Structure formats: C-alpha cells, structure tokens
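Whatever order the structure lists them in is the order used to number ligands and atoms, beginning at 1. All values reported here derive from a predicted model rather than from experimental measurement.
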Amino acid sequence: MEKRISGTTGLFTLLGTPVGHSGSPAMYNFSFQKQGLDYAYMAFDVKKEQMPQAIDALRLFKVRGSNVTMPCKSVAATLVDELSPAAKIIGAINVIVNDNGKLTGHITDGIGFVRNLKENGVEVAGKKLVVIGAGGAATALQVQSALDGAKAISIFNQDDEFYANAEKTQAKIKEAKPEVEVNVYPLADQAKLKSEIDSADILVNATIVGMKPLDGQSLVDPAFLRQDLVVADTVYNPLKTKLIEDAESLGCTVAPGKGMLLWQGAAAYTLFTGKDMPTDEYQAYEA
Ligand code: NAD
C-alpha cells in the first residue's frame, strides 16, 4: 500500500448509506492496480441531508469522481453542474465525474442492464419489453431501453407508492422518445400480464421479489413463459432467482442481475478513467 498511495494519487469515492457492505472499493481498487492507474477508491457513509457538504468536498478535494448510492441518488442529481441525457430524464444519478471542477452526473444502471443483455446475445433495439417494477432500477432500465431503441415497454406494478412513478416514467419517455410505445398496467391484472408477455421479446423482473428475504418467490406464473422469451432480473442476491430458474428450465435465454451490477460498475469505470474495466480478471479474482 505504501507503494500504491502517493502524494499524487487521485481519489474516487462512494457516497451513500449504508456503504460498508459495498463491493465497489474492492472492484475499482483491483482494476486501478491491474491497469497501473494512480487512483484510489474509498467509501464514505453520507446521509441524504449531508449530500450538499459531500458534493462541496468533492470539489474542494478535487476528487476525480464518485459513485452515489441509496438514498442519495436523487438529491445528488440536483447538486451537480450537468446531467447525462438519461440522468436528466430519470432525475437520479449513481456516478459523478469531476472534469476540472465541473461535475457531471450520470446513471449507469440502465446501461448495465442493456450491456448485460448484449453479453447474453440480446439487443434491446426494436424489441418489446415487459418490465415488472417501477422503482429505481426499473425506471433506469426502462429509460435506457427507450433511449437505446426499444419498440415498446409495458410496465406492470402492484398498487403501491411506486405505481405513480411508472406513469411518470411513461410521460417522460413519451416526451423524450415519442416513437416508443409505453403502457402501464396494474400487476393484479394477470390476464393482461399474460397477453403482454405473449407479444413481448424480453421479460424483466425489476422488483425486490426474488431478493432475500423474498427469495424462492416469483411474480410470474411459469405457465406465462415460453422458450423464445428472454428473461432478465435485476435481483443479484441470490445469483439465480426463482424467475431465472423457471426460465432456465424452459430453455429461455436469461440475464440475471449480477451481470447488470458488473456492467453498471464497468460503465462507471469507463466514465472515470476512459478505459475498459478488466472485468474478466476481476471476475476470476472474485471467484
Ligand atoms: P425500489 O425500492 O426502488 O423499488 C421496489 C420495487 O419493487 C417497486 O416497483 C415495488 O412496487 C416493487 N415491490 C416491492 N414489494 C413487492 C411485492 N411484494 N410484490 C410486487 N412488487 C413489489 O428498489 P430498486 O432499487 O429498484 O431495487 C429493485 C431490485 O433491483 C433490488 O433487488 C435491487 O437489489 C436490484 N438492483 C439491482 C441492480 C443491478 O445492478 N443488478 C441495480 C439496482 C437495483
């Protein structure tokens, strides 16, 4: 370490709370070292109301860039100088790049989702997606899929505080990409869910169902799946959700959430350094 950190080492940070469990410091520091970059990455536990001070600190200490995690993603979007097109639509960021004092906010969750599909041989352009969920992950991947040329997106959500979010996303996509057909339906309408899946190319679970402690549960009746449907999940803990297992047993192409997590981090790495993250080496090291 005494050889790694010097007086010129550039700092990258993670801001949010809690951050102690995050895999990001290990992933980025491994990659910096692998590529001989004079950078270091540290996590800082910061509450929402402390974000204005934290952003000032990024400027003061000339921090090169930062990730932002829950619950600070929306407030951070109001504190930077510029937003990427997707971040502008979504109103939340998970990456800040400090370009000589100018802070630009990006959101890479949707980029990670699209890349994860691509790594599994699937393009979103021209495709119809059914997405269950209307929270942070769902919104990011719905907007990015629309920006990347999806033909149609049908959003299903249970009747809770997130439902209105789905309608907001529908309106925002309509404004930014009017050619994309976006519809919102209640998840309770199972006949509609079945008929929308029947005409879709890609089905996505972007809810917390399937994640511990809701592991072993799925919101999709296995009878609604078919072999040529691509099935993706945002949940990465467990690595394979019940939905992914049901889809795999039918022979569907699947894209579990761990890949999305890796590729959203890799997209941030590229924004930070201008280089591709050594993802193969990191995965081998992590295994
Ligand atoms: P969120 O709290 O913003 O949204 C939660 C969503 O789950 C809402 O749509 C809500 O209506 C739905 N929901 C909650 N309980 C439900 C139930 N019992 N039945 C049906 N729907 C229910 O959460 P988020 O940040 O969007 O995260 C969602 C999942 O995606 C989590 O498992 C999270 O770990 C994962 N995630 C993965 C990545 C990645 O890179 N793979 C990135 C972000 C989030």
Side-chain angles (χ1 to χ4, degrees), residues 14 16-19 21-24 27 48 67-77 86-87 90-95 106-120 129-145 153-170 184-190 193 203-221 231-244 254-269 277 279 283:
L14 170 63
T17 187
V19 291
H21 67 287
S22 171
S24 294
M27 182 174 78
K48 227 160 56 176
N67 284 119
V68 181
T69 188
M70 300 296 285
C72 301
K73 291 178 171 189
S74 301
V75 65
I90 294 163
I93 60 176
N94 69 332
V95 175
H106 302 260
I107 183 135
T108 61
D109 290 331
I111 297 172
F113 169 78
V114 171
R115 176 73 185 265
N116 188 31
L117 284 177
K118 205 186 174 92
E119 292 292 319
N120 287 286
L129 288 83
V130 168
V131 183
I132 307 176
T139 307
L141 73 87
Q142 288 153 3
V143 168
Q144 194 65 45
S145 298
I153 305 173
S154 294
I155 306 172
F156 285 82
N157 207 75
Q158 69 175 11
D159 184 14
D160 63 10
E161 71 276 18
F162 290 95
Y163 196 88
N165 223 19
E167 292 173 324
K168 275 188 212 148
T169 303
Q170 180 185 33
V184 179
Y185 305 106
L187 183 59
D189 188 347
Q190 288 287 300
L193 179 63
L203 168 69
V204 188
N205 172 53
T207 71
I208 57 170
V209 176
M211 179 174 83
K212 286 180 182 165
L214 303 179
D215 48 331
Q217 298 184 29
S218 167
L219 293 168
V220 183
D221 183 336
V231 178
D233 210 317
T234 61
V235 173
Y236 53 84
N237 183 15
L239 292 174
K240 282 186 185 175
T241 57
K242 172 156 190 320
L243 173 65
I244 292 291
V254 297
K258 186 74 198 286
M260 174 177 166
L261 185 68
L262 175 72
W263 293 111
Q264 65 79 25
Y269 188 84
M277 197 168 90
T279 47
Q283 280 176 300

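Which parts of ligand 1 touch Ala134 is read off a 4.0 Å heavy-atom cut-off, strictly below it: atoms 9 (O). Near Asp160, the atoms of ligand 1 lying under 4.0 angstrom from a non-hydrogen atom of the residue are 10 (C), 11 (O). With ligand atoms numbered from 1 in the order given, ligand 1 contributes 8 (C), 9 (O), 11 (O) to contacts under 4.0 Å with heavy atoms of Asn157. Contact atoms of ligand 1 toward Gly133: 9 (O) (distance under 4.0 Å to a heavy atom of the residue). Of all atoms in ligand 1, numbered sequentially from 1 with element shown, those under 4.0 Å from a heavy atom of Val209 are 16 (C), 17 (C), 18 (N), 19 (N), 20 (C). Close contacts of ligand 1 with Leu219, meaning ligand atoms under 4.0 Å from a residue heavy atom, involve 19 (N), 20 (C).
Nearest protein heavy-atom contact of atom 4 (O) of ligand 1 is Gly135 CA, 3.4 Å. In terms of protein heavy-atom proximity, atom 6 (C) of ligand 1 is closest to Thr207 CA, 3.9 Å. Among all non-hydrogen protein atoms, the one lying nearest atom 33 (C) of ligand 1 is Met211 SD, 4.2 Å.
Between Tyr236 and ligand 1, no pair of N/O atoms sits closer than 3.5 Å. Distances between N or O atoms of Gly257 and those of ligand 1 include at least one value under 3.5 Å. Between Gln158 and ligand 1, an N or O atom pair is found at a separation short of 3.5 Å. Considering backbone and side-chain N/O atoms, Ala137 comes within less than 3.5 Å of an N/O atom of ligand 1. Between Leu261 and ligand 1, at least one N/O pair is under 3.5 Å apart.
Using modelled atom types, no side-chain atom of Asp109 and backbone atom of Ala140 make a donor-acceptor pair closer than 3.5 Å. At least one donor-acceptor pair closer than 3.5 Å links the side chain of Gln142 to the backbone N or O of Gly133. Looking only at distances, no side-chain donor or acceptor of Asn165 sits under 3.5 Å from a matching main-chain atom of Glu161.
Summarising the contacts of atom 14 (C) of ligand 1 with Asn165, Ile208, Asp233, the nearest heavy atom is found in Ile208.
Ile153 is listed as a side-chain neighbour of Ser145, based on a closest heavy-atom distance under 4.5 Å.
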Note to self: Show, in sequence, the C-alpha distance, side-chain angles and deciding distance for Asn205 and Val220, and conclude whether the side chain to side chain contact (heavy atoms under 4.5 Å, CB included) test is met.
What the structure shows: CA-CA 9 Å; Asn205 172 53; Val220 183; over 6 Å; no
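In this structure, Gly112 has no heavy atom closer than 4.0 Å to ligand 1.
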